[in-house]
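A short worksheet on the structure shown next.
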Amino acid sequence: MEARSCIVLSALLIPFLLGTACAQLRTDFYKGTCPNVESLVTSAVKTKFQQTFVTAPATLRLFFHDCFVRGCDASVLVQSPTNQAEKDHPDNLSLAGDGFDTVIKAKAAVDSDPNCRNKVSCADILALATRDVVNLAGGPSYTVELGRRDGRVSTIASVQRRLPHPTFNLDQLNTMFSSHGLTQTDMIALSGAHTLGFSHCNRFSNRIYNFSPAKRIDPTLNSAYALQLRQMCPINVDPRIAINMDPTTPRTFDNVYFQNLQQGKGLFTSDQILFTDKRAQATINTFASSNAAFNRAFVQAMTKLGRVGVLTGNQGEIRSDCTRPN
């Protein structure tokens with residue numbers, strides 16, 4: 001249970017206990033068993049990324065959705081013959097297949113080395129692959145703490161009310177993130193992952209068509225951008241149509257997402273609220289003016305996210321197939 005309490009302890013302000021609780025994750029965890037794990041994963045991820053750019057946002061989102069439900073234990077990867085696993089929950093149905101495929105390919109690359117076969121967890125492979133896609137898309141590289149074990153449980157019910165929704169306000173976002181030991185600054189930095197990827201019209205159509213009885217369009221939305229969105233999302237739009245989260249540099253991991261918020265171009269309510277709520281505005285302005293400041297905060301937040309609810313030691317298992325428990 002020790003590592004599971006890793007983030008909870010920090011929330012209870014017992015930092016002196018954190019040393020023991022988080023000690024089982026370390027950057028050199030595989031030094032003696034699979035020393036070239038990072039190069040094996042990076043090579044597989046690079047190949048996948050060159051095939052399709054969606055690899056980047058899909059893998060990054062997969063990591064986030066994994067960590068926020070039962071911790072970073074790769075439980076989101078598990079397939080259920082009866083469609084009762086985490087990935088079958090409505091909040092996870094939009095997770096792009098390329099994210100799952102990235103982990104499967106990286107796992108195959110790791111296991112192709114006889115020294116490494118069944119030594120490296122799917123949870124660690126997902127954490128490493130996430131770092132790699134961020135870097136490949138132009139974002140920072142960073143060292144990843146390793147030593148996670150894979151969870152044996154994945155249920156559709158465990159996802160309920162565990163993931164942020166596009167309609168969330170600042171208090172709802174902060175409550176959810178703080179339950180995982182993440183600060184408001186961490187939450188804003190992680191929201192910056194919306195510099196990549198896309199969404200679908202139904203996730204924000206209320207902002208452009210029926211915001212309130214008095215105002216059809218959300219007044220915090222840039223009016224020219226709102227009209228653009230209406231053109232891309234007509235009333236009876238094909239639900240598969242993809243809309244970029246960052247309309248300016250959608251294929252580059254950068255701080256332009258925050259500059260967009262300053263201009264009223266946040267796609268979700270939960271994006272734009274970060275600028276319209278005065279309590280978060282200073283952080284948005286800092287990140288908008290400094291890509292380096294955003295990158296630093298993002299790396300710190302990702303490191304903390306990667307510790308959430310981890311299984312270590314003899315907890316969980318090392319899955320031989322990432323899609324099903326042993």
Side-chain angles (χ1 to χ4, degrees), residues 1-12 14-35 37-38 40-41 59 62-80 84-87 89 92 100 103-104 106-107 110-111 115-131 143-160 162-163 177-182 301-326:
M1 195 59 200
E2 187 182 38
R4 276 251 169 214
S5 59
C6 170
I7 291 299
V8 179
L9 292 174
S10 65
L12 297 175
I14 319 178
F16 58 88
L17 284 177
L18 276 179
T20 55
C22 297
Q24 291 137 308
L25 289 189
R26 9 180 259 275
T27 54
D28 66 347
F29 185 83
Y30 294 105
K31 189 171 64 175
T33 50
C34 180
V37 60
E38 300 217 16
L40 289 166
V41 171
T59 306
L62 191 62
F63 180 64
F64 181 86
H65 280 232
D66 183 44
C67 293
F68 261 44
V69 179
R70 306 188 73 91
C72 310
D73 67 345
S75 51
V76 75
L77 302 173
V78 171
Q79 287 178 6
S80 153
Q84 291 297 306
E86 283 178 33
K87 73 195 289 281
H89 189 278
N92 279 334
F100 295 92
V103 181
I104 306 289
K107 165 78 167 162
V110 170
D111 282 353
N115 295 324
C116 300
R117 181 163 301 161
N118 297 332
K119 302 261 175 63
V120 182
S121 67
C122 300
D124 278 346
I125 289 171
L126 175 54
L128 288 167
T130 301
R131 182 268 313 273
T143 52
V144 177
E145 295 176 341
L146 301 165
R148 297 168 194 80
R149 307 264 293 177
D150 297 322
R152 295 193 178 98
V153 178
S154 180
T155 66
I156 201 166
S158 57
V159 184
Q160 200 62 24
R162 287 282 182 267
L163 294 166
F177 279 72
S178 68
S179 73
H180 298 299
L182 298 162
M302 286 294 279
T303 303
K304 288 168 72 173
L305 176 63
R307 296 170 182 160
V308 171
V310 292
L311 300 167
T312 58
N314 56 9
Q315 300 167 318
E317 63 187 17
I318 305 288
R319 253 178 251 154
S320 52
D321 173 348
C322 289
T323 67
R324 54 174 184 261
N326 296 341

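The basis for the numbers below is simple: all heavy atoms, side chains too, and nothing from hydrogens, waters or symmetry mates. Position 1 is the first residue of the sequence, and the numbers go up from there.
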Side chain to side chain, [X] and [Y], heavy atoms closer than 4.5 Å:
{"X": "R324", "Y": "R319", "value": "no"}
{"X": "V110", "Y": "I125", "value": "yes"}
{"X": "L311", "Y": "D150", "value": "no"}
{"X": "V76", "Y": "S154", "value": "no"}
{"X": "T323", "Y": "K107", "value": "no"}
{"X": "L305", "Y": "H180", "value": "no"}
{"X": "T130", "Y": "M302", "value": "yes"}

Steps toward side chain to side chain contact (heavy atoms under 4.5 Å, CB included) verdict (D73, V153): CA-CA 9 Å; D73 67 345; V153 178; over 6 Å; no
Return yes if some donor-acceptor pair links the side-chain N/O of N326 with the main-chain N/O of S320 below 3.5 Å, else return no.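 Side chain of N326 to backbone of S320: a pair is present.
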Could you work out, with side chain to side chain contact (heavy atoms under 4.5 Å, CB included) as the rule, every residue matching [X], not counting sequence neighbours?
{"X": "S80", "value": "T82, Q84, A85, D88"}
{"X": "Y30", "value": "T33, C34, V37, V120, S121, D124, L146"}
{"X": "P325", "value": "V78, E317"}
{"X": "S158", "value": "V69, R70, E86, T155"}

The criterion is salt bridge (charged side-chain N to carboxylate O under 4.0 Å, His left out); which residues satisfy it with K119, sequence neighbours excluded?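 None.
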Name all residues meeting the salt bridge (charged side-chain N to carboxylate O under 4.0 Å, His left out) criterion together with R149; count only those two or more places apart in sequence or in a different chain, and write none if there are none.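 For R149 there are no salt bridge (charged side-chain N to carboxylate O under 4.0 Å, His left out) partners, ignoring immediate neighbours.
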Taking atom CZ of F100 and atom CG of L62, what is their separation to the nearest 0.5 Å?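 Between atom CZ of F100 and atom CG of L62 there are 5.0 Å.
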Carboxylate-amine/guanidinium contact R307 E145, below 4.0 Å: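 Yes, this pair counts.
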Answer yes or no: are there more than 12 heavy-atom neighbours, outside N314 itself, under 6.0 Å from its atom CG?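 Open: at most 12 neighbouring heavy atoms sit under 6.0 Å from CG of N314.
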